[in-house]
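For reference, the structure is listed below as structure tokens.
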Amino acid sequence: MKVYNFSAGPAMLPQEVMEQAQDEFCNFHDCGCGIMELTHRGKEFDGVINAAEQNVRDLLDLSDDYAVCFIQGGASMQFAMVPMNLMLPGGLAEYADTGTWSAKAMKEAKRFGEVVTIASSKATNYDHIPNIRHWKPTPGSSYLHITSNNTIFGTQYHDFPPAVPEVPMIADMSSDIMSRPLDMKQFGMIYAGAQKNLGPSGVTLVIIRKDLAARTPESVPTMLRYSTYIDNGSMFNTPPTFAIYMLKLVTDWLKNLGGLARIEQINNSKSEALYELIDKGDFYSSPVKPDNRSKMNVVFRLPSEELEAKFVKQAKEAGMIGLKGHRSVGGIRASIYNAMPLAGVETLVDFMLEFERNNG
Ligand SMILES: *Cc1c(COP(=O)(O)O)cnc(C)c1O
């Protein structure tokens, strides 16, 4: 039976990508061995990493001012690399606190300087994105850090704070990168662990305006400096070759589909189908303010925890896994990243209607 995987990450990958990787697994482009067995210094892998970078550039329409880096250590390592590299002398940086991942990023930044919280939704258990359209930077601010999609709480920025020229905006986009068109000019840097929307775990995509990398103090070690990745095409040391290869296939898939404008339409259809059902009656409910609901992680509650446990169990029997909400919020979470087909969401919607009929 085909299983639809609603897990928050690592998450499902496009079926076509999985099949292509399977086809090439033992024999990449007739070279007689698999891509992960090949040197990263050879022409085969060179072709892969260059194509991966070009796909990222094409999809986001990046100018030459921006570098594309493939870094290990996950988005979590970026929580530290960002302040280590980009905090100005006298160190102060601004953060919007919109969930667990923002809070973790702030905790790391505090090791390197002062953290100013420009807004927080913590008091209401992160049920919304604070309005920061009119934020005013603190004098001497190094950057503003936001989390574009809050994977655990199911909130998402649908528009971003205005760019302030002196204060580059940096976004953790781990759970919604390439789910919609993006104007990169608004940002000094974005980053994303690949395992939600771009590929398997093991590689983190970092896109950074090149001039910012000049800020890095001398004391920062080689492997933690953005300039090391920029100057060496992410190959100062051995990169995660298989993860980059998979990212290349996923971004090929996205381009063939029609790019970010097209995937946004599909993502809108998927999330609207779920929210419409959630809002229709009293059985399902959303803890998130309607204007800030995520199109990637749809979080909802049932009338009781017993029913939620029954829902997760019966959904699994019906071929839908990964629906249990994060332990810090409870309830149900349907993660519907780019790779989740509309058919998967329709299957879930049908199941939800039937579950309500039987238990409502
Ligand atoms: C999953 C996630 C992370 C953590 O990513 P790792 O690659 O596991 O470090 C950070 N931020 C957001 C928004 C996430 O969804």
Side-chain angles (χ1 to χ4, degrees), residues 5-13 69-84 95-109 111 115 120-122 125-130 143-158 160 169-180 182 187 189-208 223-224 229 234 239-240 242-244 246-247 250 267 271 288 292-299 322 324-329 333-340:
N5 176 9
F6 291 89
S7 164
M12 66 177 296
L13 291 168
C69 304
F70 301 106
I71 302 180
Q72 301 193 53
S76 299
M77 199 167 80
Q78 294 310 307
F79 296 165
M81 274 179 77
V82 166
M84 282 175 103
Y95 281 71
D97 176 20
T98 54
T100 310
W101 296 116
S102 309
K104 286 188 171 172
M106 292 164 77
K107 183 169 176 225
E108 292 305 298
R111 300 179 195 278
V115 168
S120 174
S121 48
K122 188 174 180 182
N125 202 29
Y126 297 119
D127 65 349
H128 69 287
I129 302 284
Y143 57 83
L144 166 65
H145 182 283
I146 65 168
T147 310
S148 58
N149 183 74
N150 297 279
T151 325
I152 294 174
F153 296 92
T155 62
Q156 186 176 26
Y157 287 77
H158 297 303
F160 294 112
M169 184 155 57
I170 299 177
D172 174 0
M173 295 197 176
S174 292
S175 51
D176 69 349
I177 191 158
M178 297 204 190
S179 67
R180 54 182 170 178
L182 180 75
F187 295 91
M189 174 182 153
I190 64 172
Y191 61 93
Q195 66 273 17
K196 283 143 189 163
N197 245 343
L198 295 175
S201 61
V203 65
T204 305
L205 176 65
V206 172
I207 301 172
I208 181 171
M223 284 300 290
L224 298 174
Y229 295 85
S234 300
F242 192 72
I244 293 170
M246 290 296 289
L247 185 146
V250 171
N267 288 332
S271 55
V288 179
N292 304 139
R293 289 177 182 169
S294 169
K295 295 177 184 180
M296 296 279 99
N297 310 97
V298 177
V299 171
K324 194 173 185 323
H326 192 270
R327 58 190 181 282
S328 60
V329 262
R333 171 174 53 176
S335 296
I336 49 171
Y337 300 119
N338 288 353
M340 173 61 68

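Numbers here are sequence positions counted from 1. Counting convention: from 1, in listed order, for ligands and their atoms alike. Remember, predicted model here, so these are calculated numbers, not experimental data.
Partners of Asn5 under the side-chain hydrogen bond (donor to acceptor under 3.5 Å, both in side chains) rule, at least two apart in sequence or in another chain, do not exist in this structure. Listed by chain and residue number, Asp279 satisfy the salt bridge (charged side-chain N to carboxylate O under 4.0 Å, His left out) test with Arg293 (two or more places apart in sequence, or in another chain).
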Requested in this report: Tell me, with the steps shown, if Phe187 and Tyr143 meet ring-ring contact (aromatic ring centres under 6.0 Å, His included).
Outcome: CA-CA 10 Å; Phe187 295 91; Tyr143 57 83; over 10 Å; no
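Applying the side chain to side chain contact (heavy atoms under 4.5 Å, CB included) test between Thr155 and each of Asn297, Val288, Thr147 identifies Val288 as the sole match.
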Side-chain atoms of residues 189-201: list all donor-acceptor pairs with protein atoms under 3.5 Å, sequence neighbours left out, distances to 0.1 Å.
| unit_1 | atom_1 | unit_2 | atom_2 | d |
| --- | --- | --- | --- | --- |
| Tyr191 | OH | His145 | NE2 | 2.7 |
| Asn197 | OD1 | Asn338 | N | 2.9 |
| Asn197 | ND2 | Ile177 | O | 3.1 |

Return a table of N or O atom pairs, ligand 1 on one side and protein on the other, at distances under 3.5 Å, rounded to 0.1 Å.
| unit_1 | atom_1 | unit_2 | atom_2 | d |
| --- | --- | --- | --- | --- |
| ligand 1 | 7 (O) | Ala75 | N | 3.0 |
| ligand 1 | 7 (O) | Gln195 | NE2 | 2.9 |
| ligand 1 | 8 (O) | Gln195 | NE2 | 3.4 |
| ligand 1 | 9 (O) | Ala75 | N | 3.2 |
| ligand 1 | 9 (O) | Ser76 | N | 2.8 |
| ligand 1 | 9 (O) | Ser76 | OG | 2.6 |
| ligand 1 | 11 (N) | Asp172 | OD2 | 2.6 |
| ligand 1 | 15 (O) | Thr151 | OG1 | 2.5 |
| ligand 1 | 15 (O) | Lys196 | NZ | 2.7 |

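There is a side-chain donor-acceptor pair under 3.5 Å between Ser294 and Asn149.
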